[in-house]
Amino acid sequence: MSGNFLKFKRRLCVIRTIRAGIVGSSVGLLAAGVWLILTKLAVIDFEPISSLFIGLGLALVAGGVLFLFGGRSDKSLAEELDGEFGLKARVQTMIAYQGEEGELVALQREDAEEKLSAVSVKSYKFKGLPIYITVLAACAAVLVAGFIVPDMRDFVPPEEIEVFELSDMQRAGLNELIRYVESSKMEEEFRTSIADELRDLLSRLENINTVPDMRAALAKSMAVICDITYTSSTATETLDALWDSNNVYLKHLAVTLDASSWSVPDWGDFAERLTEYSMVLMGDTSEDENALVGKASLKRALDSMKISLDILQLDTEDELCAAIDKLFNGNPGGLSLILATIDYHDDTTAREALNQSLTLNSQSLYDAVSLNRINAATGEYTMTRLASLFLVPVPEFERPEFVRTGERPDGGYGSNDKEEGGGNHNGGVGTGATYGSDDIVLDPITGKPIKYAELLDKYNAIMNERLDGDSYTEEQKEAIRKYFDLLYKGVEKKEGN
């Protein structure tokens with residue numbers, strides 16, 4: 001093979017290397033740029049630095065593949081040189097007969113060498129180089145764009161402030177609710193406070209024009225009403241105290257005095273409970289053949305209850321506690337009087353004395369239970385009605401712990417035991433309706449279904465912003481925090497079931 005032809009081969013190898021480098025660099029720059037853009041726009045979950053490795057890797061692969069498989073044969077190069085420089089197939093013939101000897105072959109080879117030596121190696125150029133440079137520049141521009149694109153990985157879109165306007169239905173509903181509270185039998189101090197809060201809420205809503213402000217106003221009012229409601233009724237605290245005494249007879253008394261299932265006071269139901277309670281004290285309901293019955297059972301029951309009540313030291317300034325204290329220590333009609341004379345009774349007279357005591361104290365007990373239930377029911381209905389008008393979360397209503405769990409005084413569980421769901425009021429808005437973390441409710445703004453817990457988080461976030469300012473007094477802030485604690489208790493209980 002002639003020396004001149006080898007020069008052109010070396011020239012071709014240089015061009016081949018440059019072409020592979022440009023193509024590899026173009027692929028690497030393009031891949032790195034696209035990868036960088038996708039990472040910064042949070043389309044793919046990688047760090048931007050990973051684009052460097054992606055680009056380098058693809059550049060090496062693309063350049064290497066093109067260099068390895070982009071070579072040309074001697075025959076192909078000869079054809080190109082003959083055509084480009086007008087050598088009339090001289091180089092092709094020389095390459096074709098390069099392994100043969102002869103006078104004619106030698107003359108042809110000399111002629112080809114002479115003509116080829118007259119062609120400058122530099123005249124054999126990189127064809128399409130401007131196109132390759134243009135492509136390289138375009139790919140580099142993509143990488144530059146990747147550096148310019150803003151990093152959206154931590155971008156939080158600005159919250160769109162929705163417009164709020166109090167509707168005629170909501171206005172009418174609030175006015176109706178105010179009239180309901182004012183005409184209720186709730187104690188006056190609590191009734192007046194709730195009605196005033198509702199009027200203040202209506203006044204504020206008339207001047208509110210954004211959804212966050214509406215939610216904040218509703219959360220504040222719901223918190224205040226919730227606080228007033230549970231201040232107005234001490235039944236839950238008192239019955240929980242009786243239950244926590246671990247005295248089985250006081251547990252039965254707590255069940256007897258529990259009115260949380262009443263929508264309105266029910267004397268008939270209460271009278272039946274007192275009858276059942278007298279049977280418990282007399283041992284009539286025991287299934288144990290060796291259990292005490294009659295006056296022996298009554299004596300043991302009254303004696304154990306007296307000890308437990310002395311330890312509890314109930315606050316007799318409270319209506320319900322005072323009625324319970326009167327049941328035991330009243331004169332006449334107190335159970336303690338029966339205990340003092342129990343040894344002089346037979347079973348029949350002991351039962352008569354017990355029934356007389358319960359009868360004498362039934363009205364004071366019923367009045368105290370009814371008052372607590374009326375107070376609580378009025379406040380709970382108010383919160384439930386507000387929830388339906390504005391689709392705001394309502395707290396888990398206060399109920400004695402044994403009602404929530406369905407636990408019975410004997411240690412067993414009723415139809416609402418823990419294994420079946422854990423009570424009736426997990427995050428509920430009233431009898432028959434429960435909200436929890438996996439429940440779907442309607443978003444009042446978007447009109448689309450949303451998880452209750454997610455909606456609750458929206459309200460909580462809004463109120464956290466408000467609580468950092470001076471919009472509320474310390475008492476109001478404490479009520480609001482308690483309100484949201486009650487809201488989240490319902491969610492936690494539902495998740496934990």
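Just so you know, these numbers use all the heavy atoms, side chains as well, and skip hydrogens, waters and symmetry mates. One-based numbering along the sequence shown.
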Evaluate Leu337 against Thr341 for side chain to side chain contact (heavy atoms under 4.5 Å, CB included), listing each step before the verdict.
CA-CA 6 Å; Leu337 296 179; Thr341 59; 5.8 Å; no
Apply side chain to side chain contact (heavy atoms under 4.5 Å, CB included) to the pair Glu176 and Arg385, showing each step before the final yes or no.
CA-CA 10 Å; Glu176 178 188 353; Arg385 182 61 178 147; 4.2 Å; yes
Side chain to side chain contact (heavy atoms under 4.5 Å, CB included) between Ile225 and Leu386, worked out:
CA-CA 11 Å; Ile225 294 171; Leu386 283 176; 3.8 Å; yes
Would Ser193 and Ile228 satisfy side chain to side chain contact (heavy atoms under 4.5 Å, CB included), going step by step from the backbone distance to the final call?
CA-CA 8 Å; Ser193 297; Ile228 294 171; 3.6 Å; yes
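Put simply, CG on Leu60 and CG on Leu58 are 9.0 Å apart, with the number rounded to the nearest 0.5 Å. With rounding to the nearest 0.5 angstrom, the CD atom of Glu187 is 10.5 Å from the OG1 atom of Thr378. Expressed to the nearest 0.5 Å, how far OG of Ser336 lies from CG of Leu309 amounts to 10.5 Å. We find the CG-CG distance between Leu201 and Leu205 to be 4.0 Å, quoted to the nearest 0.5 Å. Rounding to the nearest 0.5 angstrom, the gap separating the CG atom in Asp315 from the OG1 atom in Thr234 is 8.5 Å. Taking CZ of Arg191 as the start and OG of Ser232 as the end, the distance is 12.0 Å to the nearest 0.5 Å.
The side chain to side chain donor-acceptor pair (under 3.5 Å) contacts involving residues 296-305 comprise Asn247-Ser304, Tyr249-Arg300, Lys299-Asp343, where partners must be two or more places apart or lie in separate chains. Sorted by first then second residue, the salt bridge (charged side-chain N to carboxylate O under 4.0 Å, His left out) pairs that include residues 363-378, not counting sequence neighbours, are Arg373-Glu380. Sequence neighbours left out, not one pair with a member in residues 339-363 passes ring-ring contact (aromatic ring centres under 6.0 Å, His included). Here salt bridge (charged side-chain N to carboxylate O under 4.0 Å, His left out) pairs that include residues 259-283, with residues two or more places apart or in two chains, are Asp269-Arg273.
For Lys40 (side chain) and Val149 (main-chain N/O), a donor-acceptor pair under 3.5 Å exists by modelled atom type. Counting only distance, with no hydrogens or angles, the side chain of Ser245 and the backbone of Leu242 share a donor-acceptor pair below 3.5 Å. Under a 3.5 Å cut-off, the side chain of Gln170 and the backbone N or O of Leu389 do form a donor-acceptor pair. Panel note: side chain Asn375, backbone Phe190; no donor-acceptor pair is recorded below 3.5 Å. Distance alone, capped at 3.5 Å, is enough to place a donor-acceptor pair between the Asn207 side chain and the Ser203 backbone. For the pair Arg404 (side chain) and Arg399 (backbone), a donor-acceptor distance under 3.5 Å is present. For the pair Asn372 (side chain) and Ala368 (backbone), a donor-acceptor distance under 3.5 Å is present. A donor-acceptor pair is defined here as one N or O able to donate and one able to accept, closer than 3.5 Å; no such pair exists between the side chain of Ser233 and the backbone of Tyr230. A donor-acceptor pair is defined here as one N or O able to donate and one able to accept, closer than 3.5 Å; no such pair exists between the side chain of Ser308 and the backbone of Met305.
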Using a 3.5 Å cut-off and no angle test, enumerate the donor-acceptor pairs between side-chain atoms of residues 353-360 and protein atoms at least two apart in sequence or in another chain.
from   : atom 1 : to     : atom 2 : distance (Å)
Asn355 : ND2    : Arg351 : O      : 3.3
Ser357 : OG     : Gly333 : O      : 2.4
Thr359 : OG1    : Asn355 : O      : 2.8

Do any side-chain atoms of residues 322-332 form donor-acceptor pairs under 3.5 angstrom with protein atoms, and if so which ones, sequence neighbours left out?
from   : atom 1 : to     : atom 2 : distance (Å)
Asp325 : OD1    : Asn329 : ND2    : 2.8
Lys326 : NZ     : Asn361 : OD1    : 3.2

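Residues Val211 and Phe164 share a closest heavy-atom pair of N-CB, 3.8 Å. In terms of heavy-atom proximity, Pro409 sits nearest to Val248 at O-CG2, 3.8 Å. Of all non-hydrogen atoms in Leu274 and Ser362, the two that sit nearest each other are CD1-CB, 3.5 Å. Closest heavy-atom contact between Ser221 and Glu197: OG-OE2, 2.8 Å. Summarising the geometry of Ile194 relative to Gly379, their closest heavy-atom pair is CD1-CA, 4.2 Å, with the distance given to 0.1 Å. Between Ala376 and Thr229, the closest heavy-atom pair is O-CG2, 3.7 Å.
Among the candidates Asp347, Leu335, Ile338, the single residue satisfying the side-chain contact (heavy atoms from CB on, under 4.5 Å) test with Leu298 is Ile338. When each of Thr348, Ile342, Thr349 is checked for a side-chain contact (heavy atoms from CB on, under 4.5 Å) with Lys295, only Ile342 meets the rule.
Looking only at side-chain heavy atoms (C-beta outward), Thr39 and Ser51 stay at 4.5 Å or farther from each other. Counting heavy atoms from C-beta outward, Leu143 and Trp35 have side chains that stay 4.5 Å or more apart. Residues Leu202 and Leu166 have side chains in contact (heavy-atom distance under 4.5 Å, counting atoms from C-beta outward). Side-chain contact between Leu36 and Pro48: present, with at least one pair of heavy atoms (C-beta onward) separated by less than 4.5 Å.
In this structure, the side chain to side chain donor-acceptor pair (under 3.5 Å) partners of Arg171, at least two apart in sequence or on a different chain, are Asp168, Glu206. Residues forming a side chain to side chain donor-acceptor pair (under 3.5 Å) with Asp200 (at least two apart in sequence, or on another chain): Arg204. Applying the side chain to side chain contact (heavy atoms under 4.5 Å, CB included) criterion to Ala62, with sequence neighbours excluded, gives Val27. With sequence neighbours left out, the side chain to side chain donor-acceptor pair (under 3.5 Å) criterion links Glu47 to Arg153. The ring-ring contact (aromatic ring centres under 6.0 Å, His included) test applied to Tyr180 returns Tyr381, not counting sequence neighbours. Every residue two or more places apart in sequence or in another chain was checked for a ring-ring contact (aromatic ring centres under 6.0 Å, His included) with Phe147, and none qualifies.
Taking the six-membered ring where tryptophan is involved, the planes of Trp243 and Phe402 are essentially parallel, since the angle between them stays under 30° and well short of 60°. Between Trp267 and Tyr366, the ring planes lie perpendicular to each other; the angle is over 60°, past the 30° to 60° tilted range.
Asp346 CG: more than 12 foreign heavy atoms inside a 6.0 Å radius.
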